[in-house]
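Taking it in order: structure first as structure tokens, then the write-up.
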Amino acid sequence: MAESSFREQVYALARQIPKGFVATYGQLAALAGHPRAARAVGFFMKTNPDAPRTPCHRVVASDGRLTGYSGAGGVAAKRAMLQSEGVVFKGKKVDLSVSSWLKKT
DNA sequence: AAAATGACGGTGT
DNA sequence: TACACCGCCATTT
């Protein structure tokens with residue numbers, strides 16, 4: 001089953017993000033073994049074959065900024081969804097100092 | 001097989 | 001915060 005493909009690693013990590021927290025593309029890429037493939041990671045979310053089971057909405061940019069989102073409402077809906085899960089927002093960005101998944105222990 | 005693309009990241013202005 | 005440029009990577013066409 002699992003082909004150790006880079007993309008599968010990223011999807012697996014995305015599913016591991018606890019509710020109320022978010023991870024950055026760079027972080028997922030790093031955890032997957034490619035610390036510089038943040039760009040590629042964004043592509044995986046876009047193609048996102050596991051859409052309903054992969055919480056791609058919990059993945060944000062390094063600044064905590066929301067980007068893209070192919071779902072309805074775009075980043076606006078994504079933002080609302082994250083807030084609904086307990087993620088703290090700071091203006092248009094996520095407060096990574098509080099809601100970052102790998103930010104702390 | 002080669003070129004183009006993009007839900008990035010960082011830095012500079 | 002906004003905008004511009006470069007560098008990096010895997011996927012898609």
Side-chain angles (χ1 to χ4, degrees):
Chain A
M1 74 158 247
E3 320 234 333
S4 326
S5 298
F6 178 45
R7 73 190 268 179
E8 198 174 310
Q9 303 290 313
V10 176
Y11 291 136
L13 289 163
R15 296 195 302 264
Q16 289 163 68
I17 300 174
K19 184 172 122 191
F21 287 86
V22 297
T24 72
Y25 298 98
Q27 286 296 339
L28 293 183
L31 292 172
H34 296 244
R36 311 245 163 142
R39 218 161 182 168
V41 172
F43 216 93
F44 305 152
M45 297 295 118
K46 179 172 96 161
T47 59
N48 184 351
D50 305 293
R53 82 180 184 186
T54 301
C56 46
H57 63 264
R58 290 191 189 145
V59 188
V60 300
S62 64
D63 313 43
R65 217 156 60 85
L66 275 59
T67 51
Y69 193 62
S70 304
V75 299
K78 184 166 163 179
R79 186 167 73 227
M81 193 153 21
L82 290 169
Q83 286 178 107
S84 186
E85 294 199 333
V87 173
V88 180
F89 269 73
K90 185 142 227 189
K92 298 169 158 189
K93 296 192 274 197
V94 176
D95 188 339
L96 295 175
S97 36
V98 184
S99 304
S100 180
W101 177 37
L102 313 154
K103 168 72 188 314
K104 52 187 220 107
T105 53

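Just so it is clear: chains get the letters A, B, ... in the order the sequence lines come, proteins before strands, and each one is counted from 1.
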TODO: Check the distance between B:dT11's P and A:D63's CG and give it to me in whole angstrom.
DONE: 11 Å
Open item on the list: Quick check: A:H57 with A:Y69 (ring centres under 6.0 Å apart)?
Closed with: no
Task: Position toward the 5' end of DNA chain C (nearest nucleotide), A:R36 or A:K93 - done: A:K93
Task: Nucleotide nearest A:M45 (side chain, heavy atoms from C-beta), chosen from C:dT12, B:dA7, C:dG7 - done: B:dA7
TODO: Report the distance from atom CG of A:L102 to atom CZ of A:F21, rounding to the nearest 0.5 Å.
DONE: 10.5 Å
TODO: Look at the side-chain N and O atoms of A:K46 and state whether any lies under 4.0 Å from the OP1 or OP2 oxygen of B:dT5.
DONE: no
Task: Rounded interatomic separation in angstrom, taking NE2 from A:H34 and P from B:dG9 - done: 16 Å
Task: Note, A:K93 side chain near A:F89 side chain (heavy atom, < 4.5 Å) - done: no
Task: A:A61 or A:V41, whichever maps to the more 5' nucleotide of DNA chain B - done: A:V41
Open item on the list: Students often get this wrong, so: under 4.0 angstrom with heavy atoms, is A:S70 touching a base, only sugar-phosphate, or nothing?
Closed with: base
Open item on the list: Measure CG/A:L66 against P/B:dC8 and give the value in whole Å, please.
Closed with: 11 Å
Task: Rounded distance in Å - CD (A:Q9) to C1' (C:dC9) - done: 16 Å
Task: Separation of atom CZ in A:F43 from atom P in B:dG6, rounded to whole Å - done: 8 Å
- [ ] Assign A:A40 to base, sugar-phosphate, or nothing according to its heavy-atom contacts below 4.0 angstrom with the strands shown.
- [x] base
Open item on the list: Check for me, please, whether A:V87 and A:L66 land in the same ILVMFWY cluster - side-chain distances under 4.5 Å, paths through other members count.
Closed with: yes
Open item on the list: If you go through the side-chain atoms of A:Y25, does one of them form a donor-acceptor pair with the base of B:dA7 closer than 3.5 Å?
Closed with: yes
Task: Residue whose nearest DNA chain C nucleotide is more 5′ - A:K90 or A:A38 - done: A:K90
Open item on the list: Over 60° means perpendicular and under 30° means parallel, so tell me whether A:F44 and A:F6 are parallel, tilted or perpendicular.
Closed with: perpendicular
Task: Distance in angstrom units between A:L13 CG and B:dA7 P, rounded - done: 21 Å
Task: Presence of A:R7 side-chain N/O under 4.0 Å of C:dT12 phosphate oxygens OP1/OP2 - done: yes
Open item on the list: If the cut-off is 4.0 Å, is A:S62 near the phosphate of B:dG10, judged by side-chain N/O to OP1 or OP2?
Closed with: yes
TODO: Would you kindly give the CZ-to-C1' distance between A:R39 and B:dT5, to the nearest whole Å?
DONE: 8 Å
TODO: Let me know the distance between CG of A:L28 and C1' of B:dA7, rounded to the nearest Å.
DONE: 12 Å
